[in-house]
Amino acid sequence: MSELKILGIVGSLRKDSYNAFALKAAQELLPEGVSLETVSLLGIPVFNQDDETAPPAAVLEFKQKIMAADAILFATPEYNYSLPGGLKNALDWGSRPYGQSAWQGKAAAIMGVSIGNFGTARAQYDLRKILVALDMPVVVQPEVMIGNAAERFDQNGVLTDERSRNLIKKLLNTLVQLEKSVRRTTG
Ligand code: FNR
C-alpha cells in the first residue's frame with residue numbers, strides 16, 4: 001500500500017520558528033506508513049490576480065507540492081489576533097485560477113504555537129473559516145493550541161512538553177483517518 005503523504009506548511013518564516021519546531025516534533029510522531037514533508041513560504045510574492053493564469057515559479061512549485069500531497073498540516077503562529085499575512089497569501093495563490101484550486105477536497109489539520117497564553121486560538125479560528133471557503137475537510141478535535149512556547153521547547157527547539165506531544169500525535173492519527181474517509185467517499 002502506498003505511503004500517505006502529508007505536506008506541512010509553516011506560517012512563519014523565522015529561522016527559529018516555534019511552529020517549524022512543532023512540525024519537526026510532528027515528524028517524530030507520525031503513524032506508520034505516513035510521511036511528512038515541510039514546505040516554506042519563503043519567496044512567494046504577494047498575490048496579484050493579473051498573474052494567476054501564469055504564476056511565478058515559486059508559486060507553481062508550491063502548488064505542485066500541495067497537489068502531490070494527500071493531506072495538509074498547518075502550523076501557524078498568531079499575528080495580531082489572526083493568521084500571518086504570508087500564510088493567507090499562500091492560501092490565496094493555491095486557490096486560483098477559479099476552478100483550479102490545489103486545496104479542493106484535501107484533508108487538513110491545524111496546530112499552532114504562540115508565546116502568549118492563547119496558543120494561536122484566534123488565528124486558528126480565522127484559518128478554519130478560510131478552509132471552509134477552500135472546501136477542505138478539517139480535523140475538528142483535538143485542537144492543538146500550544147501557548148507559552150518558551151516553557152514547552154528546550155533550547156535546541158525540541159518540543160519537550162508531553163501533553164503537547166500527545167496532542168500532536170492524536171491530531172496526526174485523526175488527520176490520517178479523515179484523509180482515508182475522504183478518499184473512500186471521493187474514490
Ligand atoms: C506576534 N505574536 C503574537 N502572539 C500571540 O499570541 N497573539 C498575537 O496576536 C501575536 N501577535 C504578533 C504579531 C506579530 C507581527 C509578531 C511578529 C508576533 C507573538 C508570536 O506568538 C511569537 O512571535 C511566536 O514566536 C511566532 O511564531 P514563530 O515565528 O515562533 O513560529
Side-chain angles (χ1 to χ4, degrees), residues 5-30 34-48 58-59 61-62 65-66 69 71-94 103 106-134 136 138-172 174-175:
K5 294 192 195 77
I6 300 176
L7 183 68
I9 300 179
V10 190
S12 170
L13 300 181
R14 206 164 70 83
K15 186 164 52 66
D16 291 326
S17 158
Y18 284 119
N19 285 280
F21 291 151
L23 268 188
K24 218 167 161 198
Q27 238 140 13
E28 298 158 12
L29 299 166
L30 290 171
V34 177
S35 66
L36 170 59
E37 184 200 346
T38 300
V39 64
S40 168
L41 304 182
L42 198 67
I44 296 184
V46 174
F47 177 76
N48 180 344
V59 171
E61 208 178 304
F62 178 67
K65 286 196 169 163
I66 301 162
I72 308 292
L73 174 60
F74 294 98
T76 186
E78 179 171 282
Y79 283 178
N80 297 314
Y81 289 14
S82 190
L83 64 157
L87 178 55
K88 175 64 165 65
N89 182 58
L91 289 163
D92 292 340
W93 271 120
W103 306 111
K106 205 148 289 226
I110 303 172
M111 61 186 195
V113 188
S114 80
I115 57 173
N117 288 329
F118 296 108
T120 73
R122 294 160 295 211
Q124 289 197 27
Y125 292 132
D126 281 356
L127 177 54
R128 274 185 193 276
K129 182 181 70 178
I130 294 162
L131 300 189
V132 174
L134 301 180
M136 297 176 78
V138 187
V139 171
V140 178
Q141 294 273 354
E143 294 184 298
V144 183
M145 297 168 172
I146 305 173
N148 304 309
E151 297 166 21
R152 318 250 177 254
F153 293 80
D154 72 13
Q155 295 201 330
N156 300 314
V158 175
L159 180 61
T160 49
D161 182 62
E162 260 325 293
R163 187 176 166 274
S164 302
R165 291 184 76 87
N166 285 335
L167 278 174
I168 292 174
K169 197 171 180 179
K170 201 168 168 206
L171 184 75
L172 289 164
T174 313
L175 176 60

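Indexing begins at 1, ligand by ligand and atom by atom, following the structure's order. These numbers come from a predicted model, not from an experiment.
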Verdict with supporting geometry, F21 and L159, side-chain contact (heavy atoms from CB on, under 4.5 Å):
CA-CA 7 Å; F21 291 151; L159 180 61; over 6 Å; no

Worked verdict on I146 versus D161 for side-chain contact (heavy atoms from CB on, under 4.5 Å)
CA-CA 10 Å; I146 305 173; D161 182 62; 5.7 Å; no

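Close approach to N19 involves these atoms of ligand 1, each under 4.0 Å from a residue heavy atom: 27 (O), 28 (P), 31 (O). Ligand-side atoms of ligand 1 in range of S114: 6 (O), 21 (O), range being under 4.0 angstrom from any heavy atom. Close approach of ligand 1 to Y18 is summarised as follows: ligand atoms under 4.0 Å from at least one heavy atom of the residue are 25 (O), 28 (P), 30 (O), 31 (O).
Residues V10 and A20 come closest through the heavy atom pair CG1-N, 3.7 Å. Here the closest heavy-atom approach between residue L36 and residue L7 is recorded as CD1-C, 4.1 Å. Between S164 and R152, the shortest heavy-atom distance links the atoms OG-CD, 3.9 Å.
When hydrogens are left out, the protein atom nearest atom 30 (O) of ligand 1 is R14 NH2, 2.7 Å; that is the closest non-hydrogen contact. Atom 9 (O) of ligand 1 has its closest protein heavy atom at Y81 N, 2.9 Å. Protein heavy atom nearest atom 29 (O) of ligand 1, with residue, atom name and distance: S12 OG, 2.7 Å. Nearest protein neighbour of atom 14 (C) of ligand 1, counting heavy atoms only, is Y79 CD2, 3.7 Å. Closest to atom 26 (C) of ligand 1 among all protein heavy atoms lies P77 CB, 3.7 Å. Shortest contact from atom 11 (N) of ligand 1 to any protein heavy atom: N80 N, 2.9 Å.
Contacts with ligand 1 closer than 4.0 Å are made by heavy atoms of both the backbone and the side chain of E78. Residue-level proximity to ligand 1 for S17 is carried by backbone and side chain together, each with a heavy atom below 4.0 angstrom.
Distance screen at 4.0 Å: atom 23 (O) of ligand 1 has no protein heavy-atom neighbour inside the cut-off.
Nearest to atom 21 (O) of ligand 1 by heavy-atom distance, out of L23, I115, L13, is I115.
Note on D92 versus K88: salt bridge recorded, some NZ/NE/NH1/NH2 to OD/OE distance being below 4.0 Å.
In Q27, the CD atom is crowded: over 12 heavy atoms of neighbouring residues, nucleotides or ligands sit closer than 6.0 Å.
S12 and N19 share no donor-acceptor pair across their side chains, judged by distance under 3.5 Å alone.
Using the six-membered ring where Trp is involved, F153 and Y18 have ring planes that are tilted, between 30° and 60° apart.
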